[in-house]
Amino acid sequence: MTRTTDSGAIVIGIDPVRNWHLALAWAVDEAHLRGADLHLVVAVPPHHDAEHLDGTPRHLAQRQAGTEVLRTALAWVQARQPGVEAASVLLDGSPAGVLSGLSRGADMMVLGSRHLSRTEEFLSAGSLVVPVTARAHCPVAVVGDAEHITQETPYLAVGVDGSESSRAALAWAFEEADLRRCALRAIAVWQPPVFALHSGDTLFHAERRLLSETTAGWSQKYPDVRLTHEVLIGSPVETLADAAEHALAVVVGRRGRGGYTGMRVGSVVHGLLHRAHCPVITVPVA
């Protein structure tokens with residue numbers, strides 16, 4: 001079956017020339033968990049990113065490869081989760097633009113990650129993670145590594161900094177933790193300033209108070225979610241990545257308190273996309 005995105009579906013971008021199994025496994029399990037449809041998308045860019053449709057042999061070969069991969073991936077989905085309604089679509093256009101457009105009305109967008117360095121990401125025409133994360137209208141899950149095996153109680157980690165964006169991430173994280181029947185670690189990261197008008201103790205306690213205020217009330221709404229909240233000291237990216245080392249995923253708002261006007265992806269999000277080994281789920285403000 002081939003169709004475009006319906007409201008509430010989980011959409012996954014498939015790259016025909018790279019390993020798509022890890023991201024697709026995560027996406028199909030999430031669709032099963034949510035009772036959502038799953039839509040597999042391959043976008044074929046015009047040759048040299050031209051605006052017009054390209055009928056060159058290379059472009060036609062890319063379309064054929066995309067069609068074959070989608071057929072294989074659909075069969076793989078049905079073998080893994082037979083109850084998930086899955087559809088596929090092959091579209092012409094810039095992959096980042098196509099996927100960003102399909103995010104309207106979707107429940108979630110899922111992408112694989114190659115853990116490119118910032119330089120490699122800048123030079124790679126096929127890099128989708130940052131542009132789609134920045135422009136998507138729904139949460140974006142970036143899956144780069146296999147799920148870690150651990151003896152710890154399964155948990156999600158969510159970064160909280162008091163911003164509107166992190167409040168949206170917290171709300172989404174509680175919903176996801178409730179669906180997964182797992183614990184939730186709400187984490188604020190305090191980086192001691194070089195110069196401060198107040199003592200470090202005062203600033204640290206203010207951060208703890210902000211975290212408590214931000215998480216207040218959510219446990220009443222989701223009584224089955226075991227919540228812990230903690231303020232950790234260090235660099236936000238490294239500290240959150242370390243805290244989420246064995247997490248099912250780390251959830252963050254698209255922009256935090258440190259964002260600049262005009263930036264769609266905060267520096268912490270950008271850093272986690274390169275540093276974290278668990279899935280990184282970025283939530284936009286509704």
Side-chain angles (χ1 to χ4, degrees), residues 10 21-36 80-81 83-84 107-108 110 112-113 115 139-162 166-190 204 207-253 256 268-269 271-283:
I10 292 176
H21 293 83
L22 285 177
L24 183 56
W26 195 94
V28 68
D29 289 349
E30 184 73 13
H32 176 72
L33 186 69
R34 291 178 170 269
R80 185 177 179 92
Q81 292 286 5
V84 170
D107 202 37
M108 184 188 300
V110 180
S113 171
H115 282 294
V140 177
V142 177
V143 182
D145 295 309
E147 187 172 295
H148 292 190
I149 303 299
T150 176
Q151 297 299 314
E152 293 185 42
T153 301
Y155 70 97
L156 291 172
V158 57
V160 178
D161 66 8
S166 79
R167 292 177 191 274
L170 183 66
W172 194 94
F174 261 101
E175 177 190 348
E176 184 74 3
D178 191 53
L179 284 171
R180 290 177 176 266
R181 296 294 186 261
C182 70
L184 179 62
R185 291 177 65 186
I187 300 168
V189 180
W190 183 64
F204 181 80
E207 197 73 32
R208 289 185 61 182
R209 185 170 60 253
L210 176 64
L211 179 59
S212 296
E213 292 172 353
T214 304
T215 57
W218 284 105
S219 292
Q220 284 73 36
K221 185 173 182 179
Y222 295 98
D224 295 331
V225 175
R226 185 169 65 84
L227 172 68
T228 61
H229 44 76
E230 53 201 298
V231 178
L232 304 178
I233 300 174
S235 163
V237 171
E238 295 297 322
T239 303
L240 273 176
D242 288 344
E245 182 69 24
H246 298 293
L248 299 174
V250 58
V251 185
V252 286
V268 172
V269 172
L272 284 173
L273 289 172
H274 294 281
R275 170 69 175 78
H277 292 287
C278 68
V280 177
I281 302 172
T282 308
V283 181

**Prompt:** So with a 6.0 Å cut-off around NE2 of H32, is the heavy-atom count from everything else above 12?
**Reply:** no
**Message:** Treating R185 as the side-chain partner and A243 as the backbone partner, does any N or O pair qualify as donor plus acceptor under 3.5 Å?
**Reply:** yes
**Request:** For the residue pair M108 and V140, establish whether any side-chain heavy-atom pair is separated by less than 4.5 Å.
**Result:** no
**Minimal non-hydrogen separation, V250 against C278, with atom names** = N-SG, 3.6 Å
**Message:** With rounding to the nearest 0.5 angstrom, report the CG to SG distance, D224 to C182.
**Reply:** 12.0 Å
**Request:** Determine the minimum heavy-atom distance between A177 and L156, stating which atoms define it.
**Result:** N-CD1, 3.5 Å
**Prompt:** Are L232 and W190 close enough, and set up right, to give a side-chain contact (heavy atoms from CB on, under 4.5 Å), and what steps lead you there?
**Reply:** CA-CA 6 Å; L232 304 178; W190 183 64; over 6 Å; no
**NE2-CG distance between H229 and L210, expressed to the nearest 0.5 angstrom** = 11.5 Å
**Message:** In the structure I gave you, are the side-chain heavy atoms of W26 and V110 within less than 4.5 Å of one another anywhere?
**Reply:** yes
**Within-4.5 Å side-chain heavy-atom neighbours: L227 and F174** = yes
**Over 12 foreign heavy atoms within 6.0 Å of CZ, R226** = no
**Prompt:** In Å and rounded to the nearest 0.5 Å, what is the OG1 to CG distance from T228 to L184?
**Reply:** 7.0 Å
**Item:** Single hit among I187, V189, L211, V160 for side chain to side chain contact (heavy atoms under 4.5 Å, CB included) with V231
**Value:** L211
**Any donor-acceptor N/O pair, T282 side chain to G253 backbone, under 3.5 Å** = no
**Message:** Could you check whether R180 pairs with E175 (Lys NZ or Arg NE/NH1/NH2 to Asp/Glu carboxylate O, under 4.0 Å)?
**Reply:** no
**Request:** Give, for atom CG of D161 and atom CG of L240, the distance between the pair rounded to the nearest 0.5 Å.
**Result:** 9.5 Å
**Prompt:** If only atom types and distance count, is the side chain of T215 paired as donor or acceptor with the main-chain N or O of S212 below 3.5 Å?
**Reply:** yes
**Request:** Could you please spell out the steps behind the side-chain contact (heavy atoms from CB on, under 4.5 Å) verdict for L33 and E30?
**Result:** CA-CA 5 Å; L33 186 69; E30 184 73 13; 4.0 Å; yes
**Nearest heavy-atom neighbours spanning I281 and A249** = CD1-CB, 3.8 Å
**Message:** Minimum heavy-atom separation for V280 and V252, please, with both atom names.
**Reply:** CG1-CG2, 4.4 Å
**Considering all heavy atoms, the nearest S113-V142 contact** = CB-CG1, 3.4 Å
**Request:** Would you please name every residue forming a salt bridge (Lys or Arg N to Asp or Glu O under 4.0 Å) with R80, sequence neighbours left out?
**Result:** D29
**Asked** side-chain contact (heavy atoms from CB on, under 4.5 Å) between E176 and R34: does it pass, once the steps are laid out?
**Response** CA-CA 9 Å; E176 184 74 3; R34 291 178 170 269; 2.7 Å; yes
**Request:** Locate the shortest heavy-atom distance separating A157 from A244; write the atom from each residue and the value.
**Result:** CB-CB, 4.1 Å
**Request:** Decide, yes or no, whether a salt bridge links R208 with E213 under the criterion of side-chain N to carboxylate O below 4.0 Å.
**Result:** no
**Message:** For a 4.5 angstrom cut-off between non-hydrogen side-chain atoms, does V251 reach W172?
**Reply:** yes
